[in-house]
Amino acid sequence: MEIINKEKWIQDLLTWYRENARVLPWRSEPTPYRVWVSEIMLQQTRVEAVKPYFERFLSAVPDIPSLAVIDDDMLHKLWEGLGYYNRVRNMKKCAQVCVEKHKGKLPASYEELLNLPGIGEYTAGAVASIAFHEAVPAVDGNVLRVFSRLMVSEDDILELKTKRKFQMIIQDLMPKDHPDEFNQAVMEIGALICVPNAAPRCNICPLAEHCHGYREGKAHYLPIKKAKARRRIEKKTILILIHKHKIAVRQRPKEGLLASLYEFMAYEDHLTRNQIQEKLMQSGYVIDKMIKLTSAKHIFTHLEWHMNGYLILCEDLGKCEDFTWVSVAEMETKYAIPTALKIYRDAAVQWLKSEGDI
DNA sequence: AAGTCGGGGCT
DNA sequence: AGCCCAGACTT
């Protein structure tokens with residue numbers, strides 16, 4: 001299957017993009033640093049979710065040298081709620097490499113970008129084409145979906161060879177004088193017209209006359225993707241320890257889920273009040289009061305947390321070397337808490353503030 | 001090739 | 001309740 005009338009296809013695409021492209025913060029001034037930050041934030045993340053983070057991050061961390069030396073807690077706080085926290089840690093590593101080897105700048109070629117931490121084939125292609133105008137493809141989920149439908153491809157788009165196939169096709173057909181607009185235009189079609197999880201809007205698609213999926217009435221069941229593994233469930237008991245208007249937090253391990261973010265005391269399984277008291281007493285805590293909080297469920301990609309939460313007022317600190325006692329103000333400004341635990345942080349903050357009024 | 005890593009909005 | 005999002009990295 002090939003794209004019919006290549007020249008007209010591309011001209012229709014670019015004309016549509018120039019008239020319909022969304023105005024986005026990272027498009028107005030596509031410097032390498034801004035494009036890179038936006039592309040990392042946009043990995044597996046919707047445009048609307050990124051918007052409130054982008055300018056705030058750029059203001060706090062205006063360039064690569066400042067990113068290379070930023071405090072890790074501040075880095076996590078800037079990313080708090082955005083998810084996939086490895087992204088921002090890899091950005092810092094990448095910035096350090098740029099300072100050491102590239103005079104504090106991003107290297108200007110696809111091949112060099114690809115070697116940097118956190119930059120894979122898609123992001124290398126996006127930065128190279130948008131910031132440096134190099135004619136290389138940038139194949140993301142949008143592009144895979146759009147081309148599956150355009151070409152009536154029944155290849156599984158989750159397979160590596162399918163991505164490779166589309167990379168080759170796009171490398172060959174993309175206009176070498178406007179790689180930035182071409183790559184963004186295909187993604188924009190995917191975001192606005194050839195949408196996921198809903199019927200494609202073929203009636204207003206500028207590429208409809210070139211689209212084999214549309215012409216054969218097959219666009220709606222493409223692309224093909226194989227089923228994903230189902231999630232497992234973890235039961236947890238979350239304990240918010242409070243002593244002298246401060247909350248006990250500890251840092252999670254440096255690797256794994258929610259690495260290096262902060263959390264509250266927690267146990268596996270759903271414990272009864274007696275079991276909780278027993279465990280806390282064993283650790284030397286004297287419980288003054290125990291308040292049941294709302295239960296909560298948090299869904300990750302491959303995991304669910306089913307949580308029971310308790311607010312615990314303690315008299316004695318016990319043996320709690322691995323916990324730090326933090327004020328409400330510190331909680332809000334310094335310690336990054338994963339969204340899964342946000343309702344418990346908010347409950348603790350609210351309780352402490354209302355208690356102060358009484 | 002399969003598993004890990006977040007969070008949210010839509011269907 | 002499942003899907004997928006301007007994916008990368010590890011095993």
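Since this is a predicted model, take the numbers as computed values, not measurements. Heavy-atom basis, side chains included; hydrogens, waters and symmetry copies ignored. Residue numbering restarts at 1 for every chain, and letters A, B, ... go by the order of the sequence lines.
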* To do: Using a 4.0 Å heavy-atom cut-off across all strands, classify A:Lys297 as base, sugar-phosphate, or nothing.
  =>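 A:Lys297: backbone/sugar contact only, no base atoms under 4.0 Å.
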Between [Y] and [X], is the closest basic N to carboxylate O distance under 4.0 Å?
{"X": "A:Asp155", "Y": "A:Lys165", "result": "yes"}
{"X": "A:Arg87", "Y": "A:Glu39", "result": "no"}
{"X": "A:Glu332", "Y": "A:Lys353", "result": "yes"}
{"X": "A:Arg18", "Y": "A:Glu181", "result": "yes"}
{"X": "A:Glu216", "Y": "A:Arg149", "result": "no"}
{"X": "A:Arg250", "Y": "A:Glu263", "result": "yes"}

* Mapping A:Ala229 and A:Arg89 to their closest nucleotides on DNA chain B, which lands nearer the 5' end? ->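 Counting from the 5' end, the first nearest nucleotide belongs to A:Ala229.
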* **Nearest-nucleotide 5' precedence on DNA chain B, A:Gly256 against A:Leu160** =>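 Closer to the 5' end of DNA chain B: A:Leu160.
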* Would you mind building the protein contact string for nucleotides 4-9 of chain C? One character per nucleotide, 5' to 3', B for base within reach (heavy atoms under 4.0 Å), S for sugar-phosphate only, - for untouched. => BBBBSS
If we take the [atom1] atom in both [N] and [M], what is their distance in whole Å?
{"N": "C:dA8", "M": "B:dG8", "atom1": "P", "result": "22 Å"}
{"N": "C:dC5", "M": "B:dC5", "atom1": "C1'", "result": "15 Å"}
{"N": "B:dG7", "M": "C:dT10", "atom1": "C1'", "result": "22 Å"}
{"N": "C:dC4", "M": "B:dG6", "atom1": "C1'", "result": "13 Å"}

* Between which nucleotides of DNA chain B, 5' to 3', does chain A make heavy-atom contacts below 4.0 Å? ->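 Span of nucleotides near chain A: B:dA2 to B:dT11.
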* Asked: Do the ring centers of A:Phe54 and A:Trp26 come within less than 6.0 Å of each other?
  ->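 Between A:Trp26 and A:Phe54, which both carry aromatic rings, the centre distance is below 6.0 Å.
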* **Proximity of A:Phe300 and A:His302 rings by center, below 6.0 Å** =>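 Aromatic pair excluded; centres sit 6.0 Å or further apart.
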* Do A:Asn183 and A:Ser129 have side-chain N/O donor and acceptor atoms under 3.5 Å apart? ->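 Indeed, the side chains of A:Asn183 and A:Ser129 share at least one donor-acceptor pair under 3.5 Å.
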* Asked: In residues 57-75 of chain A, which residues come under 4.0 Å of DNA chain C by heavy atom?
  ->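 Here the set is empty: none.
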* Does A:Asn20 use its side chain to pair, donor to acceptor, with the backbone of A:Trp16 at less than 3.5 Å? ->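 Side chain of A:Asn20 to backbone of A:Trp16: a pair is present.
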* To do: Kindly confirm or rule out a cation-pi arrangement of A:Lys77 over A:Tyr335, judged by NZ or CZ under 6.0 Å from the six-membered ring centre and within 45° of its axis?
  =>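 Verdict for A:Tyr335: no cation-pi partner in A:Lys77.
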